[in-house]
Visitor: 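Okay, here's the structure, questions in a sec.
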Amino acid sequence: MVNHLYDGLFQPLVGKQTPFLILSDGDVWSHDRFIRLAAQYAHTLNAMNVTVGDRLAVQINKSPEALAVYAACVQAGVIFLPLNTAYTADEVSYFVENSGASLMLCASKSFESLHPICDGLSVRLETLDGASEGSFHEASLDKDDVFDPVERGPDDLAAFLYTSGTTGRSKGAMLSHDNLLSNSQALVEQWEFTSDDVLLHQLPIFHTHGLFVATNVVLLSGCSMRFCAGFDVDALIRDMPKATALMGVPTFYTRLLADDRFGRDVTKSMRLFISGSAPLLAETHRAFEDRTGHRILERYGMTETNMNTSNPYNGDRRAGTVGMPLPGVELKVTDPETGVVLPQGEIGVIEVRGPNVFKGYWQMPEKTAAELRKDGFFITGDLGFQDEDGYITIVGRGKDLIISGGYNIYPKEIESLLDDQPNILETAVVGVPHPDFGETVVAVVVPRSDETVIISDLQDVVKEKLARFKHPQHYEIMTELPRNTMGKVQKNILREQFFDMFQST
Ligand code: MCA
Ligand code: AMP
């Protein structure tokens, strides 16, 4: 039976005793151990009546078991829907309802808060924790450790990843088996991964970067990864001499540079440092080279497209650029108003087409049509230009988006929540530079006349509803927002006003 993604990523690893996951406590998972657990989980899904085309929502901590759920979904034809562990119950409720998930897996500690939500939506809720604990794992213990993968073609769906929008609520990006497989093939080739590599994995596994870039590349090349529950600079410095590659967001690199222990000795065995998800400052790129002799390889992608461009492995890795389109990816820079292709060197909106581009937003045909052209080009909303050597530089975003430590934050979501407060007239949320996270959130609030706004009240509201990484780090109360003659709020003026606010912290 053909299963496009399973056959590409997992089938070649069946029965292999080679190391796959090296955990911080020294435990090593072979490929074989992982594949057998994934097969048991696939049977468990079926036993819980979750089958081909159904959605499985998961909000669980990073662990080998969590990765095995992904592998189980692929072979059972179930659509995998990973959720940020920082999301509040309120946020999770939307994703579960919108996706029509038939089962949700959560960490045991979240069961109490998620149970009423899942109950209300008639969604079954089971628990799964690391160290082989939780009701889902228990249900898998008597299951066969071999599973016959169901038939799935290149265009069948493998995963939904929710991405927020500049208006309205999050959209479920539908990713197919071939979106994921073709992109990992391009990356393994481009970055020359082999079974000898050891990747330092400290990213979360609920987003494209840690899951579809890092994990899929490791699976496809048959190499291993040092799998850490979260970012841990001590572990990075300790493990780096036993590793060959690192994938991280820019915060990883600025934090490494801030550590005096980090230098040429520590990086001796490393062949590749990759950065993405947010702009890497050219000064970080240069400081890293000065300290280690390594040039960070920056690449550019999106949830909807996986990876689009990469600096070359063998050629010139240029600071401040995201390199060239990956093999199979077409890229053009267009006029944001007309969609017409601009002459080389001019700044416009980046559009991409290729096997990496998603199948649309789940049950949102209008939003899909607005961003995915009929000819297959996806309008990224990122602004950039291509130089005469083909390198792409991203200069900004046409979309109102803040990226903090690699996490996307849509101002609209925070503004809507604050605007709903009875004593608030209007709000503007902007991103300002932050030394650790790249950007952070500032909320400017205008009270209704004769009303008083207490900042700690706003903090309480935000804390209840939104994940911690979205919380404004500063609230400013103003009597009115700056507007242009058309009445549009001038966020650029607010960004300038608060530009230096966190620079010296
Ligand atoms: C943690 N906090 C944050 C963030 N992370 N606040 C804002 N932005 C963040 N990114 C909060 C914590 O809850 C904590 O709050 C306080 O900040 C300090 O936490 P700290 O211990 O410093 O955080 P950490 O656990 O070390 O995490 C920082 C991190 C992490 C390592 C940068 O955010 C991370 O792993 N980011 C990577 C995200 C990622 O994978 N993005 C890829 C998306 P308190 O003090 O109240 O407890 S995929 C994508 O973008 C596309 C496809 C692409 O191109 O890759
Ligand atoms: P996400 O919605 O999480 O997939 O985030 C995708 C967005 O992250 C892109 O549209 C870009 O704005 C941004 N991004 C990803 N990689 C880079 C990069 N190397 N440089 C600048 N921005 C990036």
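Count residues from 1 along the sequence. In what follows, every heavy atom counts, from backbone to side chain, and hydrogens, waters and symmetry copies are set aside. As the structure lists them, so they are numbered: ligands from 1, and atoms in each ligand from 1.
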Visitor: For L246, which of L200, L272, D239 qualifies under side chain to side chain contact (heavy atoms under 4.5 Å, CB included)?
Guide: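 So the option named by the test is L200.
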Visitor: Salt-bridge test for E371 and K171: reply yes if a basic N is under 4.0 Å from a carboxylate O, no otherwise.
Guide: yes
Visitor: Tell me whether the guanidinium CZ or amine NZ of R271 lies under 6.0 angstrom from the six-membered ring centre of F193 and within 45° of its axis.
Guide: yes
Visitor: M225 and side chain to side chain contact (heavy atoms under 4.5 Å, CB included): which partner among L23, L67, I22?
Guide: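 Looking at L23, L67, I22, the match for M225 under the side chain to side chain contact (heavy atoms under 4.5 Å, CB included) is L67.
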Visitor: Excluding sequence neighbours, so at least two apart, what forms side-chain hydrogen bond (donor to acceptor under 3.5 Å, both in side chains) with H209?
Guide: S277, R299
Visitor: Applying a heavy-atom distance cut-off of 4.0 Å, which protein residues contact ligand 1?
Guide: L203, P204, H207, T208, H209, F231, V249, T251, F252, R255, S277, R299, G301, M302, T303, M307, S404, G405, G406, Y407, F437, R468, F469
Visitor: Between R169 and E97, does at least one N-O distance fall below 4.0 Å, as a salt bridge requires?
Guide: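 Salt bridge flag = no for E97 with R169.
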Visitor: Are R397 and E439 within salt-bridge range, i.e. N to O under 4.0 Å?
Guide: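 Between E439 and R397 there is a salt bridge, with a charged N closer than 4.0 Å to a carboxylate O.
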Visitor: Verify salt bridge (Lys or Arg N to Asp or Glu O under 4.0 Å) between D316 and R318, making sure each step is shown before the conclusion.
Guide: CA-CA 6 Å; D316 187 15; R318 292 193 189 163; 3.1 Å; yes
Visitor: Scan the side chains in residues 489-497 for donor-acceptor partners under 3.5 Å anywhere in the protein, sequence neighbours excluded, and list what turns up.
Guide:
unit_1	atom_1	unit_2	atom_2	d
K491	NZ	D400	OD2	2.7
K491	NZ	E415	OE2	2.6
K491	NZ	V429	O	3.0

Visitor: Residues around ligand 2, heavy atom under 4.0 Å from any ligand atom, sorted by chain and number. Can you pull those?
Guide: S277, A278, P279, E298, R299, Y300, G301, M302, T303, V322, D382, I394, R397, K399, I403, N408
